[in-house]
Amino acid sequence: MSPSEIQQRGALRLYNTRTRKVEPFGALRDDRVRMYVCGLTPSAEGHLGHARSFMFFDVLRRYLVHLGYGVTFVQNVTDIDDRSIAAAATSGRDWREIVEAYFQSFKRSMTRLHVLEPDHEPRATEYIGPIQSMIEELIVTGHAYAVADGVYFRVKSFSRYGALSGRNVDELMVGARIAADENKEDPLDFALWKFAKPGEPSWESPWGAGRPGWHIECSAMSRALLGEPFDIHGGGYDLVFPHHENEIAQTESLLPVPPMANFWVHGGLLLFDNRKMSKSLGNFEPLYELLDRHEPQAIRFLFLQTGYRKPMNFTEDSIEGATTGLQRLLAAYDALRRAPPAGQHDEAARAALKPFAARFYAALDDDLNTAGAISVLFDLGSGASGLIQSGAASPAAAFLHEAMALLGISPSERSHKPVIVEYDTSLVTLEGAGTMFRIAAPKDAAQHLPVGTLEALRVDVGGFVALDGDVKAAVNAVIAARQRAKLEKDFGLADRLRIALKSIGVVVTDEKDGATWTVAGG
RNA sequence: GGCGACGUAGCCAAGUGGUAAGGCGGAGCUCUGCAAAAGCUCUAUUCCCCAGUUCGAAUCUGGGCGUCGCCUCCA
């Protein structure tokens, strides 16, 4: 089903933190959406909270592309900050090495989660020039000043300070958690440039050797890569204040006409044990570890079943539920895909699908209600047998594929239907109660597959599993032998073979005309 | 102390004025050598509590209780 039949690009509505309303979304110019999403500060391993945020923006990006926009997606890397310097000091390693290691680990996790690569991934240290120019402009225009330990932004010089986060500058003082600093004119002022202490990494500047403060890199890099105003500025809710408030102050102080960004979009935080998952609180499991324990696509599926703006509590129960649900949905997709092609009821079949597609896209248009959209997919999955009978299997499968692709789910092959070949059960023996599994492929000599071999040969293809061809043939041969045993009513042998396959991670599922097998997940 | 969000079945969760989506789990049935999968059916007279507005409220207003977040580095 072509989206254009039922979709109008202007129907997308998005919550805008800047106005605190859900508003119709449109590109500012050229049919191109310029978006900047605050990325990682790689001074520690990424965690699931990062994954939630970046997966959401990934879906937003995919949907904008789907709607026909060109999209320029920028995600920064704040590769210099106090914590990576501190980590370098305690570990004795170079700070660049530490940052690079965490960043590469994070990138691998993003790939496993099917998060698309940003178009630009600028690093703060690569934009020292533009950062310094911006600071210079702020000094010249009276919005910044240099003192003994660095250059600061003069918060009181920007009248709209606090508008994004709904804070009142006078009341911010009362909180008493803002450390007074003898150098600063005002406790609220924040650093644009920090002078280096001995041994710290630094760059030369007109004011003194040092490094950029947090915030300024985003103002400078978004300006350099997207210009102003751009369409969407995103990040986690915890960035609303002070990070995004400060970005606005820096950028808009130099802008004749605000705003810096049309839409400000913030993703809800992920809780773990009902507490915020956070580096500073220390309550998180490294992302790469979690991805080893759980199917990455199931994590994605789980997250998309909660509204992106809501705080969400991650539990083992919830990920198990999502895993099961996703498997069922993909099973329905497989059934639709494998159904015999429809006859000539093409138009009727497409019409049968239209209500599903309409509901699906209506949900996404409504502030990216992915949870509602997924419920439509489940409805479609439940009705799969009916759709097959009415000859709508093919367009239904095509629609499901498109819908899941939008959500970043790859419904690629996950099961292999073996061809039943010539077999000879005498070639199949079991040794050591399933610890050693000797099998013979139809033509080849016997192969030995110790426990764990298949696991070792797993190849991740779009999150699902394909196997090396020889092993696949071998497994098919065993299954063929089992089919023979079943035909001969030797159910004892059939069961032993199934148990043996299971012991090496292969799950056999009988069907009327044969059997399919999958490699057990997890 | 200031600001903000949230509270829907055993669990997760959609739904912002019209009479409770969906998922997981659970129960039963069908199919099946067995197992699994799949299909069908059932699983909240009710949306934290109280008061109010309304013909009508989970949805709006006021009050209360609870949980969480931001105000300091944080996706």
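Residue numbers begin at 1 in each chain, while the letters A, B, ... track the order of the sequences. Treat the numbers as computed from the prediction; the structure is a model and nothing was measured.
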(message) Under 4.0 Å, heavy atoms only, any strand: does A:Thr306 hit a base, just the sugar-phosphate, or nothing?
(response) sugar-phosphate
Could you pull out every donor-acceptor pair under 3.5 Å between side chains of residues 306-314 of chain A and any protein atom, sequence neighbours left out?
from     : atom 1 : to       : atom 2 : distance (Å)
A:Tyr308 : OH     : A:Asp367 : OD1    : 2.8
A:Arg309 : NE     : A:Asp367 : OD2    : 3.1
A:Arg309 : NH2    : A:Asp367 : OD2    : 3.2
A:Asn313 : OD1    : A:Asn274 : N      : 3.0
A:Asn313 : ND2    : A:Asn274 : OD1    : 3.4

(message) Could you check whether A:His244 and A:His215 have their ring centres less than 6.0 Å apart?
(response) no
Table please: side-chain donor-acceptor pairs of residues 374-382 of chain A below 3.5 Å, with sequence neighbours left out.
from     : atom 1 : to       : atom 2 : distance (Å)
A:Ser375 : OG     : A:Gly372 : O      : 2.7
A:Asp379 : OD2    : A:Arg359 : NH2    : 2.7
A:Ser382 : OG     : A:Phe378 : O      : 2.9

(request) Apply salt bridge (Lys or Arg N to Asp or Glu O under 4.0 Å) to A:Glu121 and list each qualifying residue two or more places apart in sequence or on a separate chain. (result) A:Lys107
(request) Could you pull out all residues at least two apart from A:Asp366 that satisfy salt bridge (Lys or Arg N to Asp or Glu O under 4.0 Å)? (result) none
(message) Only pairs with both distances under 3.5 Å count, Watson-Crick or wobble alike; so what is the partner of B:G69 in this structure?
(response) B:C3
(message) For the P atoms, the ones on B:A35 and on B:U30, what distance do you get once it is rounded to whole angstrom?
(response) 13 Å
(request) For A:Thr78, enumerate each residue passing the side chain to side chain contact (heavy atoms under 4.5 Å, CB included) test, keeping only those at least two apart in sequence or located in another chain. (result) A:Thr41, A:Asn76, A:Trp214, A:Glu217
(message) Any residue in residues 368-384 of chain A with a heavy atom nearer than 4.0 angstrom to RNA chain B? Just list them by number, or reply none.
(response) A:Asn369, A:Ala371, A:Ser375, A:Phe378, A:Asp379, A:Gly381, A:Ser382
(request) Using a 4.0 Å heavy-atom cut-off, write out nucleotides 26-31 of chain B from 5' to 3' as B (base contacted by protein), S (sugar-phosphate only) or - (no contact). (result) ------
For nucleotides 58-61 of chain B, which of its nitrogen or oxygen atoms have a protein nitrogen or oxygen under 3.5 Å away, and what is each distance?
none

(request) Using a 4.0 Å heavy-atom cut-off across all strands, classify A:Arg275 as base, sugar-phosphate, or nothing. (result) sugar-phosphate
(message) For A:Arg167, give me all partners under salt bridge (Lys or Arg N to Asp or Glu O under 4.0 Å), at least two apart in sequence or on another chain.
(response) none
(message) Suppose we screen for side chain to side chain contact (heavy atoms under 4.5 Å, CB included). Which residues come up paired with A:Ala371, at least two apart in sequence or across chains?
(response) A:Asn369
(message) I'd like the P distance from B:C68 over to B:A57, given in whole Å.
(response) 32 Å
(request) Only pairs at least two apart or in different chains count here, so list each salt bridge (charged side-chain N to carboxylate O under 4.0 Å, His left out) that has a residue in residues 314-327 of chain A. (result) A:Arg293-A:Glu316
(message) Taking salt bridge (Lys or Arg N to Asp or Glu O under 4.0 Å) as the definition, give me every residue that meets it alongside A:Asp238, ordered by chain and number, with sequence neighbours left out.
(response) A:Lys276
